[in-house]
Amino acid sequence: MDKIRLGRTGMMVSRLGFGGIPIQRVSHDEAVAVVQKCLDLGINFLDTANGYTTSEERIGDAIKGRREQAIIATKSGARDRERMEGHLKLSLERLGVECIDLYQLHGVSDFQTLEKVLAPGGPMAVLEDARKNGVIRHIGITSHQIDVSREAVKSGRFETVMFPFNFITAEPEEQLLPLCREHDVGFIAMKPLAGGALDNVTIAFKYLFQFAEVLSIPGIEKPHEIEEIVRVLHGPLDMSEAEQREMQKMKDELGTRFCRRCDYCQPCPEEIPISLMMFVDTAVRRMPSDRLFTGFVADAVEKAAGCDECGQCEERCPYELPVREILAEQVRLFREAKQRYEEQASPG
Ligand code: SF4
Ligand code: SF4
């Protein structure tokens, strides 16, 4: 598989990487098998996170005896020094490696948090010391907020930035990629299928593969999923006219309903986690019921049910999403799913 240079890390990575969220959902053996399948296909970039429950450990098992074939990236959402030290140690143990190729500050999506993680003696300092000592090789950042990502790139302290990128969330094309080129920062595209909203794999990846320096990391659960994407990469990459029309159609349909998770709509006076609520339908489809109906999604739905329809979020959303309408739909959908679950759990 073609390799690209990941910014000034200098690491040569396959254009297609592996996103390690979905392997939490399958059995241990299935997870190991799918990671190994990716390595067999020439995919050398494996991304995971300290917060993805079993993902690091499963990737660690998959690369046993094949360490030199893999570039390992993980991340931590720690916002203070002690927690970052703990997460780094845990990542090394779970992955079973002595050195992690890329360690990223996870989900830094507002300026206050960026300042906090970069403060002297904070999480960034832990990573910089670890890089000096050879425990990690490179440092990156992940975010859903384009202005914060731009600031991180300009700070000169990060070698990579990971941001959602697909033909619906296409803002990076003009607002982030040129800056990454200028600062020689590697760009990693998360959510290439818009978190499951795009089901036309060919069009989604033909769009991304136009950008020669972009590393895409689709979340992969089953071997056939990665095989399908690799087929796109090996075929003609130009979009036919019919495909371009189809892409435009999907943009028109989804563009005004699809949340970019940028959180520009915040603060909500009712403290409703709006961007989380926008993906309740995905959570209903994908999360195990016991976690769905008792955990953080259920809490968010309860809060969203208290939306007083003030409309402030809609005034702030740059994509003009009908937030109130979508929230109401998500609350209804969640409650219906919960009712079905409870009826199945106690029939009669
Ligand atoms: S309309 Fe609802 S979700 Fe939006 S800001 Fe007001 S209370 Fe929050
Ligand atoms: S509703 Fe709009 S502003 Fe809020 S996170 Fe989604 S896209 Fe961003």
Quick one: do Gln210 and Leu237 satisfy side chain to side chain contact (heavy atoms under 4.5 Å, CB included)? Show the steps, please. CA-CA 8 Å; Gln210 318 167 50; Leu237 290 182; over 6 Å; no
Are Ile4 and Val13 close enough, and set up right, to give a side chain to side chain contact (heavy atoms under 4.5 Å, CB included), and what steps lead you there? CA-CA 5 Å; Ile4 56 171; Val13 297; 3.8 Å; yes
Can you list the steps and then say if Lys132 with Glu128 is a salt bridge (Lys or Arg N to Asp or Glu O under 4.0 Å)? CA-CA 6 Å; Lys132 246 184 251 150; Glu128 285 171 339; over 6 Å; no
Apply the test salt bridge (Lys or Arg N to Asp or Glu O under 4.0 Å) to residues Asp101 and Arg67: give CA-CA distance (whole Å), side-chain angles for both, the deciding distance (0.1 Å), then the verdict. CA-CA 11 Å; Asp101 301 292; Arg67 175 70 184 94; 2.9 Å; yes
List the steps and the verdict of ring pair (Phe, Tyr, Trp, His ring centres under 6.0 Å) for Tyr341 and Phe334. CA-CA 10 Å; Tyr341 170 69; Phe334 181 89; over 10 Å; no
Output, in order, the C-alpha distance, side-chain angles, deciding distance and verdict of salt bridge (Lys or Arg N to Asp or Glu O under 4.0 Å) for Lys249 and Asp252. CA-CA 5 Å; Lys249 193 169 146 240; Asp252 294 343; over 6 Å; no
Worked verdict on Phe187 versus Phe211 for ring pair (Phe, Tyr, Trp, His ring centres under 6.0 Å): CA-CA 10 Å; Phe187 184 92; Phe211 304 96; 8.8 Å; no
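Here the rule is side chain to side chain donor-acceptor pair (under 3.5 Å) with Gln104, and of Asp47, Thr74, Thr160 only Asp47 fits it. Between Gln312 and the options Glu314, Arg316, Glu315, a side chain to side chain donor-acceptor pair (under 3.5 Å) holds for only Arg316.
Donor-acceptor pairing under 3.5 Å is recorded for the side chains of Ser91 and Glu56. A donor atom on one side chain and an acceptor atom on the other are found under 3.5 Å apart for Asp263 and Ser275. His87 and Ser76 share a donor-acceptor pair across their side chains, judged by distance under 3.5 Å alone.
Counting heavy atoms from C-beta outward, Tyr264 and Ile146 have side chains that approach closer than 4.5 Å. With contacts defined as side-chain heavy-atom distances shorter than 4.5 Å, the pair Val185/Arg8 qualifies. Taking 4.5 Å as the limit, every side-chain heavy atom of Leu102 sits out of range of all side-chain heavy atoms of Ile71. The shortest side-chain heavy-atom distance between Gln330 and Ile326 falls under the 4.5 Å cut-off. Inter-residue side-chain proximity for Glu325 and Arg257 is flagged as met; some heavy-atom pair is nearer than 4.5 Å. Residues Arg260 and Pro164 form no side-chain contact, since every pair of their non-hydrogen atoms from C-beta on lies 4.5 Å or further apart. Residues Val34 and Lys222 fail the side-chain proximity criterion, which asks for heavy atoms closer than 4.5 Å. Within the 4.5 Å cutoff, the side chain of Glu213 has no heavy atoms near those of the Arg5 side chain.
By the salt bridge (charged side-chain N to carboxylate O under 4.0 Å, His left out) test, Lys89 pairs with Glu93, sequence neighbours left out. Partners of Cys313 by side chain to side chain contact (heavy atoms under 4.5 Å, CB included), not counting sequence neighbours, listed by chain and number: Cys265, Ile274, Val323. Taking the side chain to side chain contact (heavy atoms under 4.5 Å, CB included) definition, one finds that Arg231 meets it with Glu227, Glu228, sequence neighbours left out. Annotation: side chain to side chain contact (heavy atoms under 4.5 Å, CB included) contacts of Leu39 (sequence neighbours excluded): Leu46, Ile63, Arg66, Gln69, Ala70. In this structure Tyr52 satisfies the ring pair (Phe, Tyr, Trp, His ring centres under 6.0 Å) test together with His106, sequence neighbours excluded. Under the side chain to side chain contact (heavy atoms under 4.5 Å, CB included) criterion, Ser27 pairs with Asp29, Glu30, not counting sequence neighbours.
Counting only distance, with no hydrogens or angles, the side chain of Glu221 and the backbone of Gln24 share no donor-acceptor pair below 3.5 Å. Panel note: side chain Thr113, backbone Ser109; no donor-acceptor pair is recorded below 3.5 Å. Distance alone, capped at 3.5 Å, places no donor-acceptor pair between the Arg83 side chain and the Ala78 backbone. With hydrogens and angles disregarded, a donor-acceptor distance shorter than 3.5 Å links the side chain of Glu159 to the backbone of Ile139. Under a 3.5 Å cut-off, the side chain of Thr142 and the backbone N or O of Met162 do not form any donor-acceptor pair. In terms of modelled atom types and a separation under 3.5 Å, the side chain of Lys75 and the main chain of Asn50 share no donor-acceptor contact. Formation of a donor-acceptor pair under 3.5 Å by the Arg94 side chain with backbone atoms of Ile59 is not found in this model. The closest donor-acceptor contact from the side chain of Thr169 to the backbone of Phe165 lies at 3.5 Å or more, if one exists at all. Here the side chain of Asn44 pairs a donor or acceptor atom with the backbone of Met12 at under 3.5 angstrom. Distance alone, capped at 3.5 Å, places no donor-acceptor pair between the Glu225 side chain and the Ile220 backbone.
Using a 4.5 Å cut-off between side-chain heavy atoms of Ile, Leu, Val, Met, Phe, Trp and Tyr, with links allowed through other members, Phe45 and Phe18 fall into different hydrophobic clusters. A continuous path of Ile, Leu, Val, Met, Phe, Trp and Tyr side chains, each step under 4.5 Å between heavy atoms, connects Ile23 with Leu193, placing both in one hydrophobic cluster. Under the 4.5 Å side-chain contact rule for hydrophobic residues, Ile229 and Ile188 do not share a cluster. At a threshold of 4.5 Å between side-chain heavy atoms, the hydrophobic network of Ile, Leu, Val, Met, Phe, Trp and Tyr places Val117 and Ile100 in one connected group. Cluster membership for Phe158 and Val126, using ILVMFWY side-chain heavy atoms within less than 4.5 angstrom, is shared.
A distance of 12.5 Å separates CD1 in Ile203 from CG in Leu208, rounded to the nearest 0.5 Å. A distance of 9.0 Å separates CG in Leu92 from CD1 in Ile136, rounded to the nearest 0.5 Å. Distance NZ/Lys303 to CD/Glu271: 5.0 Å, rounded to 0.5 Å. Taken from CG in Leu95 to OG1 in Thr48, the straight-line distance is 6.5 Å, to the nearest 0.5 Å. To the nearest 0.5 Å, the span separating CG on Asn166 from CE on Met247 amounts to 11.0 Å. To the nearest 0.5 Å, atoms CE (Met1) and CD1 (Ile43) are separated by 4.5 Å.
Residue Gln112 places its CD atom among 12 or fewer non-hydrogen atoms of other residues, nucleotides or ligands, all under 6.0 Å distant.
Between Phe205 and Phe209, the ring-plane angle classifies as tilted under the 30° and 60° cut-offs. Taking the six-membered ring for Trp and thresholds of 30 and 60 degrees, Phe279 and Phe258 have ring planes more than 60 degrees apart, a perpendicular arrangement.
At a threshold of 4.0 Å, the pair Lys64-Asp61 counts as salt-bridged, since one of the basic side-chain nitrogens sits closer than that to a carboxylate oxygen.
Across all non-hydrogen atoms, the minimal contact from Leu215 to Gly17 is CD1-N, 3.7 Å.
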